[in-house]
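When reading the values below, keep in mind they use all heavy atoms of this one structure, side chains included, and skip hydrogens, waters and symmetry mates. Here the structure is a predicted model, which means the values were calculated and not measured.
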Amino acid sequence: MSLLILLLPVALLFAFHQVVLDGDEPAVIDPAPAVETARVAGTFPVSEPAGLDARWRPIRADFRREESGHTLRIGYVTPNDEGVQLVQSNVPADRLLPAELTKSSQPRGTVEVAGRSWQRYSARPGEWALVLLEPERTVIVVGSTGESELRQLAEKIG
């Protein structure tokens, strides 16, 4: 009986967390401060995806200054509840790609997205990436979702 008295409040708190507070939903953040910090740094052209469906939920945004270059990362949960990360950086591609994808990742052809040629890469197990190599920056869209959602995000990058 005493155990039931202890478990009842715990069960009620858990139910409140799940039902009222959407306990399983990731915390959505505003990536604007990290994007603005990257723009102010002025080390590469920064693009923020424009016109994404509201079901694309940003959950992480980070801008880092390192000796080898600067990197902006924005993590999203897609409409299919998969994880996708947008990486923009002026770190040389020969260092950035192994660090972000894996040392063994290889190009798997190209795909045309919004008039630009992106390279398709294998990444960590269960993940794929689209990579845009530009003179001032490298853009990576990587995640465990299908290529169609990777392309949706890549289309929205200016």
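Rounding to the nearest 0.5 Å gives a distance of 9.0 Å between NZ of Lys156 and CG of Asp53. Arg73 CZ to Ser89 OG: the interatomic distance, rounded to the nearest 0.5 Å, is 7.5 Å. Rounding to the nearest 0.5 Å gives a distance of 12.0 Å between CD of Gln85 and CG of Leu150. Thr71 OG1 to Leu96 CG: the interatomic distance, rounded to the nearest 0.5 Å, is 6.0 Å. Between Arg108 atom CZ and Gln119 atom CD the span is 12.0 Å, to the nearest 0.5 Å. Ser148 contributes atom OG, which lies 7.0 Å from atom CG of Asn80 (distance to the nearest 0.5 angstrom).
Trp128 has its side chain out of reach of Leu101: every pair of non-hydrogen atoms, C-beta onward, lies at least 4.5 Å apart.
Smallest separation of non-hydrogen atoms from Leu52 and Pro49: CD1-CB, 3.7 Å. Taking all atoms of both residues into account, the shortest heavy-atom contact from Pro98 to Ala93 is CD-O, 3.9 Å.
There is no path of hydrophobic side-chain contacts, each under 4.5 Å, that joins Val35 to Ile140. Hydrophobic clustering (side-chain heavy atoms under 4.5 Å, transitive across Ile, Leu, Val, Met, Phe, Trp, Tyr) groups Val84 together with Val113. Residues Val91 and Leu130 fall into different hydrophobic clusters, defined by Ile, Leu, Val, Met, Phe, Trp and Tyr side chains chained together at heavy-atom separations under 4.5 Å. A single hydrophobic cluster is seen to contain both Trp118 and Ile74, as judged by linkage of ILVMFWY side chains at heavy-atom distances under 4.5 Å, directly or through other members. A continuous path of hydrophobic side-chain contacts links Leu153 to Val111 [ILVMFWY only; heavy atoms under 4.5 Å].
Scanning for side chain to side chain contact (heavy atoms under 4.5 Å, CB included) contacts around Pro79 gives Arg55, Trp56, Glu149, with sequence neighbours left out. For Arg124, the salt bridge (charged side-chain N to carboxylate O under 4.0 Å, His left out) test picks out Glu127, with sequence neighbours left out. Residues satisfying the side chain to side chain donor-acceptor pair (under 3.5 Å) criterion with Arg95, sequence neighbours excluded, are absent altogether. The side chain to side chain donor-acceptor pair (under 3.5 Å) check on Thr102 picks up Ser104, with sequence neighbours excluded. Gln106 pairs by the side chain to side chain donor-acceptor pair (under 3.5 Å) definition with nothing, not counting sequence neighbours. Under the ring-ring contact (aromatic ring centres under 6.0 Å, His included) criterion, Tyr121 pairs with no residue, sequence neighbours left out.
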Could you list the donor-acceptor pairs under 3.5 angstrom formed between side-chain atoms of residues 61-70 and any protein atom two or more places apart in sequence or on another chain?
residue: Asp62; atom: OD2; partner: Arg64; partner atom: NE; Å: 2.6
residue: His70; atom: ND1; partner: Thr43; partner atom: OG1; Å: 3.1

Donor-acceptor pairs under 3.5 angstrom involving side-chain atoms of residues 131-139: please list them, not counting sequence neighbours.
residue: Glu134; atom: OE1; partner: Arg137; partner atom: NE; Å: 2.6
residue: Glu134; atom: OE1; partner: Arg137; partner atom: NH2; Å: 3.3
residue: Glu134; atom: OE2; partner: Arg116; partner atom: NH1; Å: 3.3
residue: Arg137; atom: NH1; partner: Pro45; partner atom: O; Å: 3.0
residue: Arg137; atom: NH1; partner: Ser47; partner atom: OG; Å: 3.0
residue: Arg137; atom: NH1; partner: Gln88; partner atom: OE1; Å: 2.8
residue: Arg137; atom: NH2; partner: Ser47; partner atom: OG; Å: 3.4
residue: Arg137; atom: NH2; partner: Gly158; partner atom: O; Å: 3.2

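Sorted by first and then second residue, the side-chain hydrogen bond (donor to acceptor under 3.5 Å, both in side chains) pairs with a member in residues 26-42 form an empty list; sequence neighbours excluded.
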Evaluate the salt bridge (charged side-chain N to carboxylate O under 4.0 Å, His left out) criterion for residues Arg57 and Asp81: first the C-alpha distance (whole Å), next the side-chain angles of each, then the deciding distance (0.1 Å), finally the verdict. CA-CA 9 Å; Arg57 295 156 294 175; Asp81 290 327; 2.6 Å; yes
Walk me through whether Val141 and Val87 qualify under side-chain contact (heavy atoms from CB on, under 4.5 Å). CA-CA 6 Å; Val141 177; Val87 179; over 6 Å; no
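In this structure a side-chain-to-backbone donor-acceptor pair under 3.5 Å is missing from Arg120 to Pro107.
Val28 shares a hydrophobic cluster with no other residue; no ILVMFWY side chain has heavy atoms under 4.5 Å from its own.
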